[in-house]
There are 2 protein chains.
Amino acid sequence: MQKDKPTASRALSRRATSKRPPSMPTIKDVALAAGCSTATVSRALANPEKVSEATRLRVASAIDEVGYAPNVAARNLRRAESRTIVTLLPDISNPFFSEIINGMEEVAHQAGYQVLIGDCERDPARAEAYFNLLPTNQADGIILLTADIPRGLVRHADARADAPLVMACEFFSDVDLPTVTIDNYQATAHAIEYLVSLGHARIAAISGPVDNPICRERTRGYRDALTAGGLSSSAHVMEGDFGFRSGYQQGLALLDGADRPSAIFCHSDEMAIGVLKAARQLGIRVPEALSVVGFDNIGFSEYCEPELTTVSQPRHEIGQQAMHTLLNLLAGEAVVRRQTLSTQLIVRKSTGRPAA
Amino acid sequence: MQKDKPTASRALSRRATSKRPPSMPTIKDVALAAGCSTATVSRALANPEKVSEATRLRVASAIDEVGYAPNVAARNLRRAESRTIVTLLPDISNPFFSEIINGMEEVAHQAGYQVLIGDCERDPARAEAYFNLLPTNQADGIILLTADIPRGLVRHADARADAPLVMACEFFSDVDLPTVTIDNYQATAHAIEYLVSLGHARIAAISGPVDNPICRERTRGYRDALTAGGLSSSAHVMEGDFGFRSGYQQGLALLDGADRPSAIFCHSDEMAIGVLKAARQLGIRVPEALSVVGFDNIGFSEYCEPELTTVSQPRHEIGQQAMHTLLNLLAGEAVVRRQTLSTQLIVRKSTGRPAA
DNA sequence: TATCAGAATGTAAAGCTTTACACCAACGCC
DNA sequence: GGCGTTGGTGTAAAGCTTTACATTCTGATA
C-alpha cells in the first residue's frame, strides 16, 4: 500500500491539463454523438442553411445530450474577433449614462455582443488602456460617450475611414466620427426662448467645460436666443464641470453678486441642483425670485426642491442608435454619419415669471 | 487587360485569412527577431525568472522592435481563463454602486483583470446569462452585489466549495458564500439610538424588499433598538424597493394617516429623498416636524433639501475587498469568509428634536 | 448514358499561445 | 573523472473552433 502519493485514478478525466476537472464537452464530443464531423457541427451552428434538415436535428439533440456550449476563446481566436464593445465614459457615477448604457446593451445582447464599460475618470492612461483593446482583438469597437479623450488615440484608431468608432452624446470638432447626438444648439435655444417668454431679462448660464464641443453648441444657442430676444448684452456664462459641487459654487458666485440674474440655465441637472442649494442658502426663493433650468432629466430632477425644469434627452434611444451604428460599421455596411435625436423641454416647478 | 476580377497582389499580406490586413505580429515574429524560440519569449513574459538576464533583454527589445502585443484570445484559450470578473447588480442606474465598482476595478486592473458589469434588472434570465459566462470560460468569477438571484444558479455554481463567487453588500441567508458587508444590524441600531436620544418616540421605517436579508438585519436592529429604548410598541415598518418613488409613496402613506411618526428611518437615500418630497407636499417641515434618516450616503444626499442625515458605507473599500477576496479565491488561497466593514452615521440637517 | 451542377459532408490546416518534456552545457562534489 | 544538479533553452503538442478545399452523392440535363 505504497500508493500514498499520486493516488486517485486520473484516467477518468479525459484531459490531464490542470484544473477544471469537469472539463466541458467540446464540439468533438458533439460530433461523435451526432455521428458526423466537427465541421458539420460547426456549420449546423453558424450556417444552418448549409446543412441538411436531418443533420441539423441530429446535431441539435446531440448538443443538449452532451451539454455542449461553445468555447468562446477558441472561437474568438479563430474568427479574430471578440464580440465585445467597449463604451468609454467620463464618470460612471453620473446617472445620466446608465440609461444610455441600457439602450446599448439591449441591442448588443440581441446581436450576441457584450458591452464593457470603461470608466476613464478623465485619466488619459485609462482611456489609452481601453483603446488598446482594439488592436489586440479584445474589443471589436468603441462607443465614446465623452470627447475628453487624447486626440492622438482617436486619430490613430481612426486611420481607416471605417474604424469601429462611434460617438454618442458628445462629438469632436476636429475628427469626423459617426455620431448620434441631440441638437444641442436648438435644445438650448428653445429653453432660453421659454425663459424669455416668461419675461426674464437677465439669464445667466453655467456651462460644462468650455472647451467641450457640446457646451460650445449650447452656449451658441444660448447667445443666439438671447440676441433674438433683444437681450444679447445680458449674456453671462460661468464654467462648471457638470457636477453638483461646481453648480453650487458657480451658483453662489452668480447669486451673491450685485445684479444677479433672474434665471440660470445649466448644462446639467446636477449643476442645476447645485444652484438650487446655493439659492436656498442665500434665501433666494425658486421659482419666485429665481428660475433654474437643468439639462438631461436625470431621476433626481423630479425629487429635488422644487422639481426641476429640464431638457430631456432620449437617452435609451441614443444608446440603441449608437450601438446599431457601430454594429453596422462592423458588418461593413454604410452608416448615416450624423444622427440627431429630438429633445423635449420638461417644465416643472423650478421656473416661473420673474418677480416684477 | 482581363485581370479585372481578382486584381491586387495578395501575396503581400502574410496571412490570407480575411479582414484585418495589417495583421498583428505574433510571438513567432518576436522569437525570430530575438533569435530564440517562441517558448523562450513566452517564458520571458510570463516567468522572467526562468530566463537569463541577457535573453530577457533581447526579447524585450525585440518586442518593441516588432511592436508585439499578446493575442489575448489565444492566451485565454490555452490557459482556460478569461481574466474577466463579472459583477452582478440589480440596477446600474443606482449611483450607490458606482463607487463600489470603482473599488473593484482598481484592484482588478492592477492584477490584470477586467470587470464586466452585469445589470440584471431583476430579470432572472439576465442573471442566468451572466452565470453562463462561468462554465464557458468567458468569466473567471462573479461578484454579486445583489441577493436577488435565482437560488438554483448560485447553488449550482457553488457546488465546489471554492467556487469563484463572492458576495458584497448583501448576503444569502441560505448559501454561504464569502461575503464582505457592513454590520447592518449595528448600523441601523445605532441610527435608531440616535433618533431615540433626540427624543423621538414614534419612529417608523421604510424597508427595502422585506425578503432581502440585509433588510431583515436592519429591521432586526431597528426593532431591538426600539425595544432597548422602551418603544417596542411603536415599531412600524413599511416595504419599499429602495427607489425614489417607493419612498415617496410609502412616505405619503405614513404621513397622511392619523398618528404619524415623528421620525422615519429609510433603508436607502433614494427612499429618504422620496419621503422628503412627500413631507414637503403635505406641508410637514423637516426636521422641525419630522426627522428623516437615509442609508448609503449617495452624492445627492448632500444636495437635497434639507441635507440628509444618513448611514455611510465604505463603498470603495467594499469593492476593493470583494475583488481581493475573489482574486485570492481564484489563486487557490484561503480567504476570510466574512468581512465586516465599519459604517458611520453622518448627521446633517434632516434630523432634530421632535416638536414638543 | 455520360456529364455536370449542386448539395452535403469530411479532412485537415490555421489561428496564437503555453507548457510538458527533452536536451545540453556548466558546475560542483566525491 | 564520473555523476548528479541546475539553469537555460528548444521541440512539439495541446487548447477548440472555423473554413478552404476535397470528396461523395444525388438528380438533372444533353
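Note: hydrogens, waters and symmetry copies are ignored here, and every other heavy atom, side chains too, is used. Order of the sequence lines fixes the chain letters, A, B, ..., with proteins taken first and strands second; residue numbering starts at 1 for each chain.
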| Salt bridge check: are Glu81(A) and Arg83(A) linked by an N-O gap of less than 4.0 Å? | yes

Length of the [atom1]-[atom2] vector between [X] and [N], whole Å:
| X | N | atom1 | atom2 | answer |
| --- | --- | --- | --- | --- |
| Ile27(B) | dA12(D) | CD1 | C1' | 14 Å |
| Leu45(A) | dT18(D) | CG | P | 7 Å |
| Leu32(A) | dT17(D) | CG | P | 14 Å |
| Lys28(A) | dT11(C) | NZ | C1' | 13 Å |
| Asn76(A) | dC16(C) | CG | C1' | 13 Å |
| Lys50(B) | dC21(C) | NZ | P | 13 Å |
| Arg79(A) | dT18(D) | CZ | C1' | 8 Å |
| Asn71(A) | dT17(C) | CG | C1' | 14 Å |

| query | Has the side chain of Ser82(B) got a donor or acceptor atom that lies under 3.5 Å from a matching backbone atom of Gln138(B)? | reply | yes

| task | State whether the side chain of Glu170(A) and the backbone N or O of Leu145(A) hold a donor-acceptor pair below 3.5 Å, judged by distance alone. | result | no

| said: Is there, by distance only and without an angle test, a donor paired with an acceptor across the side chain of Arg78(A) and the base of dT17(D) below 3.5 Å? | reply: no

| query | Does Arg43(A) make a side-chain donor-acceptor contact with the base of dG10(C), cut-off 3.5 Å? | reply | yes

| Using a cut-off of 4.0 Å on non-hydrogen atoms, how would the nucleic acid contact of Ser52(B) be classed: base, sugar-phosphate, or nothing? | sugar-phosphate

| task | Name the residue closer to the 5' end of DNA chain C, choosing between Leu77(B) and Ala46(B) according to the nucleotide with the nearest heavy atom. | result | Leu77(B)

| task | Please determine if a side-chain N or O atom of Thr55(B) lies less than 4.0 Å away from the OP1 or OP2 oxygen of dT9(D). | result | yes

| message | Does a side-chain N or O of Thr40(A) approach OP1 or OP2 of dG10(C) to a distance below 4.0 Å, or not? | response | yes

| request: Map Arg75(B) and Ala39(B) onto DNA chain D by nearest heavy atom, then report which one ends up closer to the 5' terminus. | output: Ala39(B)

| query | Going from NE2 on His109(B) to CE on Met323(B), what distance comes out if it is rounded to the nearest 0.5 angstrom? | reply | 8.5 Å

| field | Working for side-chain hydrogen bond (donor to acceptor under 3.5 Å, both in side chains), residues Asp91(A) and Ser93(A) | value | CA-CA 5 Å; Asp91(A) 175 13; Ser93(A) 70; 2.8 Å; yes

